[in-house]
Amino acid sequence: MIDTDDDDIDVLRSEIKRLRKTLTDLTSSLDVLLKRRGLMVYKKEPSEDLLIPEDRFIDKYYEMLKKYSFRLFLREVIKYQQGFIPERLTRYATADVTADYVAYLKEIGLIDKRGEEYFLIKQPIRSFGETLEWFLSEVMKRGFSVEAIWGVKCKGSKIGGDYDLIAKVDGMILYMEVKSSPPKQIYQSEISAFFDRISDILADISIFFMDTQLRMKDKIVLMFEEELKKRETNPSHVCRIEKELFHVWNRVFIINSKGGIENNIEKVLRWYFEQH
């Protein structure tokens, strides 16, 4: 058995990221890969509902967004954006943690105080969706050294709507559907649209991501199985990789955020490369 310590593992991870960045630089750009599929990006990364601070605060904000409790807290801030007191937002974190989060948002200029209430400075923000897509794009860039864009609309697409996230991974197209809603708010039509977009973009790797720590087997996996019955004479199975990570055809993945978003993406990418 090879004996490695944490420093050795960190060195190996850094080397892998360096090699991936080199490969990214040497291969065709994401725009070129999409053009070969008959698609051209004409709109991306909208900012109307994007809730991020000034550039000088971005690195810390990115680290904060890795915390599930902070993401849930931001959803509550958006929900009560016109006025809230910290005690109202303790549903997903302790009072002390919530107070720290409120102080942090005020420090980076996302909220301010009027009387006893805090309010969101940028209004209106319709949902947490754009911010979550931005964050997942940053995870792909920072964690995996790949080119990534979010909120993408393409000319040549046969499917309406936009692609939440598209990335170039080792010269291949990765498409990710990003859901901030809990499983109970996901409908069969959204699963159908996900499969349609996979075909439209000719994605090599596809991920259906839900920002939840709830079980995926209870509803989402069942909806995927129902969709496969509609699309295949002999329906493929949705197979568990581990815990709440699943795959179809070894290239379409269902994941949530339990155990860490970057960690889960790393696991499904490893699964893909092991099978191909």
Side-chain angles (χ1 to χ4, degrees), residues 44-143 150-151 162 164-165 176-187 190 209-216 218-220 244 255-264:
K44 64 180 179 179
E45 302 176 356
S47 60
E48 291 87 352
D49 293 316
L50 186 59
L51 186 60
I52 60 174
E54 297 176 8
D55 288 348
R56 60 195 175 107
F57 298 119
I58 284 290
D59 289 343
K60 174 66 180 298
Y61 189 67
Y62 169 76
E63 293 299 324
M64 290 291 287
L65 279 168
K66 291 182 179 180
K67 301 178 181 179
Y68 184 53
S69 63
F70 183 67
R71 299 196 301 275
L72 292 177
F73 166 76
L74 283 182
R75 291 190 185 107
E76 292 292 286
V77 170
I78 291 170
K79 181 178 180 180
Y80 300 107
Q81 61 189 273
Q82 295 182 346
F84 65 88
I85 56 175
E87 289 77 11
R88 183 185 293 179
L89 307 186
T90 57
R91 181 179 176 187
Y92 301 108
T94 66
D96 288 343
V97 170
T98 298
D100 288 342
Y101 287 166
V102 169
Y104 172 69
L105 288 192
K106 190 173 188 304
E107 177 188 343
I108 64 176
L110 291 184
I111 63 173
D112 205 347
K113 194 173 184 181
R114 184 194 304 114
E116 295 299 314
E117 290 190 327
Y118 292 87
F119 63 93
L120 200 58
I121 291 176
K122 179 182 178 180
Q123 292 189 35
I125 298 290
R126 292 173 297 177
S127 76
F128 183 59
E130 282 187 9
T131 305
L132 185 60
E133 290 174 18
W134 171 85
F135 173 60
L136 266 294
S137 177
E138 290 297 303
V139 169
M140 296 304 298
K141 293 174 185 176
R142 297 174 184 235
W150 60 272
D162 60 6
D164 292 343
L165 187 151
M176 185 185 300
E177 187 75 14
V178 178
K179 298 295 185 185
S180 59
S181 304
K184 66 181 180 180
Q185 295 180 18
I186 301 299
Y187 300 97
E190 296 175 78
F209 166 76
M210 296 197 64
D211 194 16
T212 181
Q213 295 194 354
L214 299 174
R215 282 166 50 93
M216 306 296 277
D218 294 340
K219 180 180 180 182
I220 303 302
E244 298 307 310
I255 71 174
N256 68 4
S257 56
K258 190 170 185 178
I261 294 174
E262 184 174 337
N263 183 53
N264 288 343

>> Restricting to side-chain contact (heavy atoms from CB on, under 4.5 Å), what partner residues turn up for K184, sequence neighbours left out?
In response: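 In terms of side-chain contact (heavy atoms from CB on, under 4.5 Å), with neighbours along the sequence ignored, K184 is linked to P182.
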> Can you name the residues that form a side-chain contact (heavy atoms from CB on, under 4.5 Å) with S181, not counting sequence neighbours?
Replying inline: Q185, I186
> Is there any salt bridge (Lys or Arg N to Asp or Glu O under 4.0 Å) pair reaching into residues 117-127, and which pairs are they, with sequence neighbours excluded?
Replying inline: D49-R126
>> Using a 3.5 Å distance criterion without hydrogens, assess whether the side chain of S257 forms a donor-acceptor pair with backbone atoms of T212.
In response: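 Pair found, side chain donor or acceptor close to backbone of T212.
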>> Given 3.5 Å as the limit, does a donor-acceptor pair link the side chain of N256 with the main chain of L214, or not?
In response: yes
> Does a side-chain heavy-atom distance below 4.5 Å link N264 with F209?
Replying inline: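 Not touching, per the 4.5 Å side-chain cut-off.
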How would you list, by chain and number, every residue that makes a side chain to side chain donor-acceptor pair (under 3.5 Å) with [X], sequence neighbours excluded?
| X | value |
| --- | --- |
| E54 | R56 |
| D218 | R215 |
| K179 | E177, E190 |

> Which pairs count as side-chain hydrogen bond (donor to acceptor under 3.5 Å, both in side chains) when at least one residue sits in residues 87-99, sequence neighbours excluded?
Replying inline: none
> Considering all heavy atoms of both residues, which atom of S180 and which atom of F128 are nearest to each other, and what is their separation?
Replying inline: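 Looking at all heavy atoms of both residues, the shortest contact is CB-CD2, 4.3 Å.
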> Between Y61 and L51, which heavy-atom pair has the shortest distance, and what is it?
Replying inline: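 That closest heavy-atom pairing would be OH-O, 2.6 Å.
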Pairs of donor and acceptor atoms involving the side chains of residues 64-82, under 3.5 Å and at least two apart or interchain, shall be tabulated with distances.
unit_1: K66; atom_1: NZ; unit_2: E63; atom_2: OE1; d: 3.3
unit_1: K66; atom_1: NZ; unit_2: E63; atom_2: OE2; d: 3.4
unit_1: S69; atom_1: OG; unit_2: Y101; atom_2: OH; d: 2.8
unit_1: R71; atom_1: NE; unit_2: D211; atom_2: OD1; d: 3.2
unit_1: R71; atom_1: NE; unit_2: D211; atom_2: OD2; d: 2.8
unit_1: R71; atom_1: NH1; unit_2: L65; atom_2: O; d: 2.8
unit_1: R71; atom_1: NH1; unit_2: K66; atom_2: O; d: 3.2
unit_1: R71; atom_1: NH2; unit_2: D211; atom_2: OD1; d: 2.7
unit_1: R75; atom_1: NH2; unit_2: D211; atom_2: OD2; d: 2.7
unit_1: Q81; atom_1: OE1; unit_2: I125; atom_2: N; d: 3.0
unit_1: Q81; atom_1: NE2; unit_2: I78; atom_2: O; d: 2.8
unit_1: Q81; atom_1: NE2; unit_2: I125; atom_2: O; d: 2.8

> Taking only residues two or more places apart in sequence or in another chain, which ones pass ring-ring contact (aromatic ring centres under 6.0 Å, His included) with F57?
Replying inline: none
>> Tell me if the CD atom of E116 is crowded by more than 12 foreign heavy atoms within 6.0 Å.
In response: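 Counting neighbours around CD of E116, 12 or fewer heavy atoms of other residues, nucleotides or ligands fall under 6.0 Å, so no.
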Name each donor-acceptor pair under 3.5 Å that joins a side chain in residues 132-141 to protein atoms two or more places apart or in another chain, with its distance.
unit_1: E138; atom_1: OE1; unit_2: R142; atom_2: NE; d: 2.9
unit_1: E138; atom_1: OE1; unit_2: R142; atom_2: NH2; d: 3.4

